[in-house]
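Only heavy atoms go into these numbers, but all of them, side chains included; no hydrogens, no water, no symmetry mates.
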Amino acid sequence: MRPRPLSVLSVLAFRHLSGLATHFESHWDDLRPKHTWNSVPENWQNMGHPPADTTIDLHIALKAKNENALIDALIEVSSPGHPKHGEHLSREEVAELVAPPSDMLELANAWLEHHGVHPSTISTKHGGSWLTLTAIPVSRANELLSASYQLYQHIGTNDTVLRTLSYALPVALVEYVQCVAPTTHFGFPRVPRQEPPMRRGGATMEQTKVLGGDPGTVLSSRDRYMTPSFLRTFYKTSSYVPLAAGWNMLGVAGYLGDWPSPDDLRQFMNRYRFDATDATYRVVQIKSGGYDPSNPAIEPNVNIQYTSVIAFPTTNIFYSTGASGTLGDPFINWLDYVLGQWNVPQTVSTSYGKPEHTVSPDYAKHVCNLFAQLGVRGASVLFATGNDGVGHGDCLVRDSSGNSRVQFLPTFPSTCPWVTSVGGTTGYNPEVAASLSGGGFSVYFPRPSYQNNAVPTFLLNLGGQYNGLFNPGGRGVPDIALQAMDFPIFFKNKHGRLSGTSASTPTAAGIISLLNDYRISNGKAPLGFLNVLLYGTCLEGLNDITSGSNPGCNTDGFSAVPGWDPVTGLGSLDFERLVAILSRW
């Protein structure tokens with residue numbers, strides 16, 4: 001008969017009762033699966049077992065003693081009219097908020113001790129909510145997690161990672177662990193660093209995609225392009241002069257060994273903003289080998305160039321997590337570093353992601369909670385929704401039984417309720433939805449309360465169209481959308497243009513950074529998590545987009561309509577109207 005799962009206190013009591021040592025040890029062998037893939041994820045191939053002496057760093061995320069406390073605090077500090085509005089938490093206050101019960105931490109350490117993990121290899125971070133095991137043998141990791149770590153190579157890029165298709169935890173511990181990484185999350189494959197065919201002053205007839213077809217940039221061959229001066233005029237930022245540039249920080253997150261070029265930034269600013277030719281950015285290397293300005297990538301280039309041209313002279317920081325390697329997880333590496341700092345950037349632009357269904361639910365929820373920690377500390381975090389409309393290709397998704405079905409494919413982390421997701425628009429007078437704008441509904445995350453007055457109206461008008469292709473109870477994306485087509489950039493000293501939500505996202509981040517500047521220069525707290533404001537007090541500061549659609553998955557996709565829609569969200573930003581709203585409180 002299978003032993004009954006023991007409570008935390010019961011297990012701890014066993015530690016002090018030598019007569020029950022045998023029962024205690026057998027308890028650790030009673031396992032429950034945490035996550036399993038039924039087959040090797042798409043575009044990856046098994047390369048076999050690693051060398052016998054291979055080691056791995058494991059990150060174990062423990063759940064907080066009060067799992068609702070973080071989100072409750074986030075909503076409180078983000079809601080105008082609440083007594084705690086704007087009272088963002090410190091690093092220590094967040095660590096206390098997310099700390100696990102002390103007995104749970106003891107339980108986890110007892111489990112590790114049972115498997116021979118030496119205490120010197122274990123470090124505790126963020127109030128005890130993270131346990132990091134450094135350089136433990138892969139054989140021990142396999143035993144610890146009932147896993148089978150092997151090497152997997154991405155078919156398109158030849159990147160190799162060390163992962164397992166499944167892992168399990170003791171029954172007494174599994175409900176208290178959010179996730180273990182790296183395990184079943186295969187990461188984001190690096191794009192081969194090749195120069196796209198660009199010609200001076202114009203276009204390319206080919207496409208360059210970021211993250212193997214995930215949210216990124218598409219170089220365009222259209223004749224007109226969206227100049228920075230037009231953007232600044234269209235979104236009404238051109239007359240604003242930042243006054244808090246020394247205190248206000250704008251962060252650009254770079255992953256997978258991608259980095260920008262200061263030479264390209266200099267040429268871009270010389271051409272498009274003559275009063276800001278001395279624009280620069282600070283580089284923070286979170287992992288070694290993460291910065292080589294002589295060999296840039298398009299993705300960070302467009303982020304740095306457009307956050308700079310919109311928000312100059314705001315302090316701009318580029319964070320590099322280094323090359324992907326076999327072990328690292330880019331989001332967790334970045335979040336671990338930033339959350340460990342005394343101060344966090346008030347605005348963050350990120351345009352990396354992948355289809356939500358390719359990420360394990362436990363990993364997605366853990367990373368999403370880490371972004372919530374950034375929000376409660378006063379950061380506005382923006383993510384691109386991608387360039388594939390409602391989904392790329394035939395949109396076949398394998399379920400837990402291995403059967404395939406068609407499903408719309410929103411991207412993570414833009415589906416996380418605690419970030420602001422940015423879609424794409426095009427044109428002016430009127431501004432309409434860009435057909436590439438990623439949008440839809442999360443399968444993993446339920447609709448957050450701040451969307452309850454916006455999303456149901458769209459669903460009611462949609463009726464039964466696309467029943468079964470999306471989750472009507474899920475978090476809807478995007479939240480906002482900005483111009484996304486035909487952005488000029490410099491790349492490796494050549495002038496070209498691109499389209500994508502990777503262009504709309506840094507543009508939005510630049511505007512939000514200016515709003516934070518306005519707040520800070522008037523002695524007020526930064527905006528922090530944006531969505532409660534966007535769906536409430538600041539709604540009248542947005543331009544509703546009511547035409548266009550985002551086709552994909554062999555369908556016409558969703559349509560932009562009055563109010564919120566899963567193509568353009570609530571609409572685009574009007575800086576002057578938003579400043580007027582913010583001046584009221």
Side-chain angles (χ1 to χ4, degrees), residues 73-89 228-229 231-251 275-276 307 309-316 343-349 374-382 419-420 422 431 450 453-454 479-483 504-545 563-564 569-585:
L74 177 66
I75 299 301
E76 289 173 356
V77 302
S78 306
S79 301
H82 193 280
K84 293 184 178 180
H85 175 248
E87 296 182 7
H88 300 117
L89 304 188
S229 60
L231 289 171
R232 295 176 67 220
T233 300
F234 189 65
Y235 293 124
K236 303 178 183 178
T237 68
S238 57
S239 63
Y240 181 79
V241 178
L243 299 175
W247 295 272
N248 189 26
M249 296 183 292
L250 201 172
D275 64 331
T307 52
V309 82
I310 299 293
F312 179 85
T314 302
T315 301
N316 209 341
N343 298 305
V344 299
Q346 288 86 351
T347 312
V348 177
S349 175
L374 269 183
V376 82
R377 290 186 61 183
S380 303
V381 183
L382 288 78
V419 305
T420 298
V422 184
E431 187 177 17
Y450 61 74
N453 292 327
D479 299 304
I480 57 175
L482 275 77
Q483 293 285 333
S504 57
T505 301
T507 302
I511 297 171
I512 296 300
S513 184
L514 293 180
L515 293 173
N516 277 324
D517 180 277
Y518 173 78
R519 294 275 297 172
I520 294 169
S521 63
N522 282 277
K524 299 177 181 179
L527 295 172
F529 175 55
L530 296 171
N531 293 7
V532 176
L533 293 170
L534 294 174
Y535 286 83
T537 306
C538 289
L539 184 58
E540 62 188 77
L542 303 178
N543 306 308
D544 194 10
I545 311 299
W564 181 90
L570 299 167
S572 62
L573 304 174
D574 185 307
F575 179 77
E576 291 181 352
R577 296 209 315 261
L578 288 167
V579 166
I581 294 169
L582 296 179
S583 68
R584 302 171 193 166
W585 40 270

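Between Leu250 and Ala311, the shortest heavy-atom contact is CD1-CB, 3.8 Å. Minimum heavy-atom separation, Trp585 to Thr537: NE1-CG2, 3.5 Å. The two atoms that bring Val309 and Arg232 nearest to each other are O-CD, 3.7 Å, heavy atoms only.
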*List the steps and the verdict of side chain to side chain donor-acceptor pair (under 3.5 Å) for Thr420 and Asp479.*
CA-CA 6 Å; Thr420 298; Asp479 299 304; 4.8 Å; no
*Take Ser521 and Trp247, measure what side-chain contact (heavy atoms from CB on, under 4.5 Å) needs, and give me the verdict at the end.*
CA-CA 9 Å; Ser521 63; Trp247 295 272; over 6 Å; no
_Quick one, Ile310 with Thr307, criterion side-chain contact (heavy atoms from CB on, under 4.5 Å). Give me CA distance, side-chain angles, the key distance, then yes/no._
CA-CA 5 Å; Ile310 299 293; Thr307 52; over 6 Å; no
_Run the ring-ring contact (aromatic ring centres under 6.0 Å, His included) test on Tyr450 and Tyr535 for me, step by step, so that the C-alpha distance in whole Å, both residues' side-chain angles and the decisive distance to 0.1 Å come before the verdict._
CA-CA 6 Å; Tyr450 61 74; Tyr535 286 83; 5.2 Å; yes
*Residues Asp517, Tyr240; criterion side-chain contact (heavy atoms from CB on, under 4.5 Å); working and verdict*: CA-CA 10 Å; Asp517 180 277; Tyr240 181 79; 2.5 Å; yes
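Remark: the backbone N or O of Ser229 is paired with a side-chain donor or acceptor of Thr233 at under 3.5 angstrom. Between the side chain of Gln483 and the backbone N or O of Thr507, no donor-acceptor pair lies under 3.5 Å. A donor-acceptor distance shorter than 3.5 angstrom exists from the side chain of Asp544 to the backbone of Gly563, with no hydrogens or angles considered. A donor-acceptor pair under 3.5 Å links the side-chain atoms of Arg519 to the main chain of Ala525, judged by distance alone. Between the side chain of Ser78 and the backbone N or O of Ile75 there is no donor-acceptor pair closer than 3.5 Å. When atom types are taken as modelled, the side chain of Ser513 and the backbone of Gly510 share no donor-acceptor pair closer than 3.5 angstrom. A donor-acceptor contact shorter than 3.5 Å links the side chain of Arg577 to the backbone of Glu540. A donor-acceptor pair is defined here as one N or O able to donate and one able to accept, closer than 3.5 Å; no such pair exists between the side chain of Asn543 and the backbone of Gly571. In this structure, Ser349 contributes its side chain and Ala509 its backbone to no donor-acceptor pair below 3.5 Å. Under the 3.5 Å distance criterion, the side-chain polar atoms of Gln346 are matched with a main-chain donor or acceptor of Met249.
With rounding to the nearest 0.5 angstrom, the NE2 atom of His82 is 9.5 Å from the CD atom of Glu87. Distance check: Thr347 OG1 to Leu527 CG gives 7.5 Å after rounding to the nearest 0.5 Å. Note that the CG atom of Leu530 and the OG atom of Ser380 stand 3.5 Å from one another [nearest 0.5 Å]. The distance from atom OG of Ser238 to atom CG of Leu231, rounded to the nearest 0.5 Å, is 11.0 Å. Here the CZ atom belonging to Arg377 is positioned 7.5 Å from the CG atom belonging to Asn343, to the nearest 0.5 angstrom.
In Asn453, the CG atom is not crowded: 12 or fewer heavy atoms of neighbouring residues, nucleotides or ligands sit closer than 6.0 Å. In this structure, Lys524 places its NZ atom where more than 12 heavy-atom neighbours from other residues, nucleotides or ligands lie under 6.0 Å away.
Using a 4.5 Å heavy-atom cutoff, the side chains of Leu573 and Leu578 are in contact. Side-chain atoms of Lys236 and Asp574, non-hydrogen and from C-beta on, do get closer than 4.5 Å to each other. Two residues are said to be in side-chain contact when any heavy atoms from C-beta on lie closer than 4.5 Å; Leu514 and Phe575 meet this criterion. Counting only heavy atoms from C-beta outward, the side chains of Val419 and Phe529 never approach each other to under 4.5 Å. Residues Pro313 and Pro242 have side chains in contact (heavy-atom distance under 4.5 Å, counting atoms from C-beta outward). Contact check for Ser583 versus Tyr518: side-chain heavy atoms found under the 4.5 Å cut-off. Put simply, the side chain of Ser79 does not reach to within 4.5 Å of the side chain of Lys84, judged on heavy atoms. Between Val579 and Leu582 there is no side-chain heavy-atom pair separated by less than 4.5 Å.
When only modelled atom types and interatomic distance are considered, Asn248 and Thr315 share no side-chain donor-acceptor pair under 3.5 Å. Between the side chains of Ser572 and Glu431, at least one donor N or O sits under 3.5 Å from an acceptor N or O.
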